[in-house]
Engineer: 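One structure coming up, written as structure tokens, with questions to follow.
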Amino acid sequence: MSTVPATPWNARILTLYPAMFPGPLGQSLAGRALSEGRWSMTVVDIRDFARDKHRTVDDTPFGGGPGMVMRPDVLASALDATLDGTEGFSGQPLIYFSPRGRRLDQALVHEVKAAGGATLLCGRFEGVDERFLQARPVVEISLGDFVLSGGEIAAYALLDAVVRLLPGVMGAEESGTEESFADGLLEYPQYTRPQMWEGLAVPEVLLSGHHEKIAAWRREMAEKITAERRPDLWERYRGRKPAGKN
Ligand code: SAH
């Protein structure tokens, strides 16, 4: 067990649904890491920063159109109160989850992890007033080319991916370096017991105990799978490989 850090990785979450946290992040690896103090979570209810007695956080879009838009003044109050007096905020990103953001990938997960913490704004309705995104140093991150009804599920995804990489969270330290994307390839196929199942055998080489042959087979399979399924990753991987190798 590695020692617990003095300053845990800190997530500040701005949401209209504070009861959604920790939610799934309170279970399994992330949940254990949370109770061990390897990361911490500050959840802020944006509605607490509304200015009227109806606790309004949104309004109709100027120019017309469907839905509601989150007000910049309410968001700014929530953010400023959240960051007030926060030590170590500098260099930690302010993330707004949005379909038009930078696509989340493992490289971005590592960047966010390395920052030591992040502030996550979960949008709802049609999203947030553009001026908030201009006036604050917001980084927009997207989970992919589809539309969620809110940023909370995107926050789960990002935090889950970050937290499992924190020291002491995963059982075997190497599982972070061997898995998909770590070297630009998808992962090789995995097998466990039983050795024969529904007439399907585990590949012989994996039973050989020959570590070099196993490593070579796994790399070959990872390359094959990546080439077949993700030509985009494959091109990038081949471009990076030293000359002389295929
Ligand atoms: N009107 C917006 C969609 C709003 S969906 C549009 O057309 O782009 C409501 C909220 O869900 C967003 O503010 C955002 O925080 C979240 N969300 C939706 N899709 C997302 C995605 N692909 N990645 C990350 N967050 C997303």
Side-chain angles (χ1 to χ4, degrees), residues 9-26 30 39 41-51 54-83 89 92-115 117-165 180-181 230 232-233:
W9 198 94
N10 184 229
R12 293 165 293 271
I13 303 161
L14 280 74
T15 173
L16 287 171
Y17 296 94
M20 287 179 76
F21 294 93
L25 300 173
W39 69 290
M41 205 185 60
T42 311
V43 183
V44 176
D45 186 349
I46 296 168
R47 205 170 287 283
D48 288 344
F49 296 87
R51 281 139 198 258
H54 302 295
R55 311 230 296 157
T56 310
V57 295
D58 58 332
D59 212 326
T60 53
F62 281 118
M68 302 294 275
V69 177
M70 293 173 84
R71 290 172 55 121
D73 52 347
V74 176
L75 290 173
S77 301
L79 178 68
D80 296 345
T82 309
L83 297 183
F89 169 68
Q92 298 188 3
L94 166 56
I95 293 165
Y96 169 55
F97 294 107
S98 149
R100 62 182 200 187
R102 173 174 162 194
R103 264 291 267 283
L104 183 61
D105 61 15
Q106 195 65 6
L108 183 47
V109 169
H110 279 281
E111 282 175 39
V112 175
K113 178 208 160 208
T119 303
L120 312 178
L121 170 58
C122 305
R124 280 276 158 179
F125 319 120
E126 293 305 319
V128 311
D129 187 300
E130 189 71 21
R131 291 167 298 176
F132 177 79
L133 305 176
Q134 282 171 355
R136 295 292 182 278
V138 177
V139 189
E140 292 183 57
I141 294 182
S142 170
L143 227 54
D145 294 342
F146 51 87
V147 183
L148 296 165
S149 57
E152 289 79 8
I153 286 175
Y156 292 158
L158 175 62
L159 290 175
D160 184 88
V162 165
V163 166
R164 64 195 287 283
L165 297 177
S180 289
F181 311 116
R230 291 293 302 275
D232 56 326
L233 292 180

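One-based numbering, in listed order, for ligands and for the atoms of each. None of the values given here were measured: they were computed from a predicted structure.
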Engineer: Would you mind listing which atoms of ligand 1 come within a distance below 4.0 Å of any non-hydrogen atom of Tyr96?
Structural biologist: 12 (C), 13 (O), 15 (O)

Engineer: So, Phe21 versus Tyr156, ring centres under 6.0 angstrom or not?
Structural biologist: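 That pair passes the under 6.0 Å test.
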
Engineer: Is there a donor-acceptor pair closer than 3.5 Å between any side-chain N or O of Trp9 and the backbone N or O of Lys113?
Structural biologist: yes

Engineer: Hey, is Asp145 touching ligand 1 through its side chain, its backbone, both or neither, going by heavy atoms under 4.0 Å?
Structural biologist: neither

Engineer: Students should be able to answer this: which protein heavy-atom is nearest to atom 2 (C) of ligand 1, and at what distance?
Structural biologist: Glu126 O, 3.5 Å

Engineer: Can you check whether Leu75 reaches Leu79 side chain to side chain, under 4.5 Å on heavy atoms?
Structural biologist: no

Engineer: Look at atom 24 (C) of ligand 1 and say which protein heavy atom is nearest, naming residue and atom and giving the distance to 0.1 Å.
Structural biologist: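 For atom 24 (C) of ligand 1, the nearest protein heavy atom comes out as Ser98 N, 3.5 Å.
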
Engineer: Go through it in stages, so that I can follow the logic: the residues are Arg51 and Ser77, the test is side-chain hydrogen bond (donor to acceptor under 3.5 Å, both in side chains), and I'd like the CA-CA distance, side-chain angles, deciding distance and then a yes or no.
Structural biologist: CA-CA 10 Å; Arg51 281 139 198 258; Ser77 301; 2.6 Å; yes

Engineer: Nearest to atom 14 (C) of ligand 1, what protein heavy atom do you find, and at what distance?
Structural biologist: Phe97 O, 2.9 Å

Engineer: For residues Ala154 and Leu143, report the shortest heavy-atom separation together with the two atoms involved.
Structural biologist: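 Nearest heavy atoms, Ala154 then Leu143: CA-CD2, 3.8 Å.
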
Engineer: If the cut-off is 4.0 Å to any non-hydrogen atom of Ile141, which atoms of ligand 1 fall inside it?
Structural biologist: 24 (C)

Engineer: Which residues pass the side-chain hydrogen bond (donor to acceptor under 3.5 Å, both in side chains) test with Asp160, not counting sequence neighbours?
Structural biologist: none

Engineer: Verify, without hydrogens or angle tests, whether Thr56 (side chain) and Asp58 (backbone) share a donor-acceptor contact under 3.5 angstrom.
Structural biologist: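 Not at all, since once roles are kept as given, no pair shorter than 3.5 Å links the two residues.
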
Engineer: Any sub-3.5 Å donor-acceptor pair from Trp39's side-chain atoms to Gly117's backbone N or O?
Structural biologist: no

Engineer: Check whether any side-chain heavy atom of Ile13 sits under 4.5 Å from a side-chain heavy atom of Leu159, and report yes or no.
Structural biologist: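 Of all side-chain heavy-atom pairs linking Leu159 with Ile13, at least one is under 4.5 Å.
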
Engineer: Identify, for atom 6 (C) of ligand 1, the protein heavy atom at the shortest distance, and state residue, atom and that distance.
Structural biologist: Pro99 CG, 4.3 Å

Engineer: Could you list which atoms of ligand 1 come closer than 4.0 Å to a heavy atom of Gly144?
Structural biologist: 22 (N)

Engineer: Thr15 and Arg124: side-chain donor and acceptor closer than 3.5 Å?
Structural biologist: no

Engineer: State the atoms of ligand 1, each with its element, that fall below the 4.0 Å cut-off from a heavy-atom position in Val147.
Structural biologist: 3 (C), 5 (S), 19 (N)

Engineer: What atoms of ligand 1 come within less than 4.0 Å of a heavy atom belonging to Gly127?
Structural biologist: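 The list of qualifying atoms is 13 (O).
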
Engineer: Nearest to atom 22 (N) of ligand 1, what protein heavy atom do you find, and at what distance?
Structural biologist: Phe146 O, 2.8 Å

Engineer: What atoms of ligand 1 come within less than 4.0 Å of a heavy atom belonging to Gly151?
Structural biologist: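 Per the distance check, 11 (O), 15 (O), 16 (C).
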
Engineer: Atom 23 (N) of ligand 1: which protein heavy atom is closest, and how many Å away?
Structural biologist: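 Its nearest protein heavy-atom neighbour is Leu143 N, 3.0 Å.
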
Engineer: What protein heavy atom lies closest to atom 19 (N) of ligand 1? Include the residue and the distance to one decimal.
Structural biologist: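 I find the closest protein heavy atom is Leu148 N, 3.0 Å.
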
Engineer: Specify the closest pair of heavy atoms between Leu158 and Leu120, including all atoms of both residues, with the distance to one decimal.
Structural biologist: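 Shortest heavy-atom contact: CD2-CD2, 4.0 Å.
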
Engineer: Which atoms of ligand 1 sit under 4.0 Å from any heavy atom of Ser149?
Structural biologist: 9 (C), 11 (O)

Engineer: Which of the atoms of ligand 1 are close to Phe125, meaning less than 4.0 Å from one of its heavy atoms?
Structural biologist: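 Those of ligand 1 that fall under 4.0 Å from Phe125 are 4 (C), 5 (S), 9 (C).
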
Engineer: Report yes or no: does Leu104 have a heavy atom closer than 4.0 Å to ligand 1?
Structural biologist: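 Not so, Leu104 does not reach ligand 1.
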
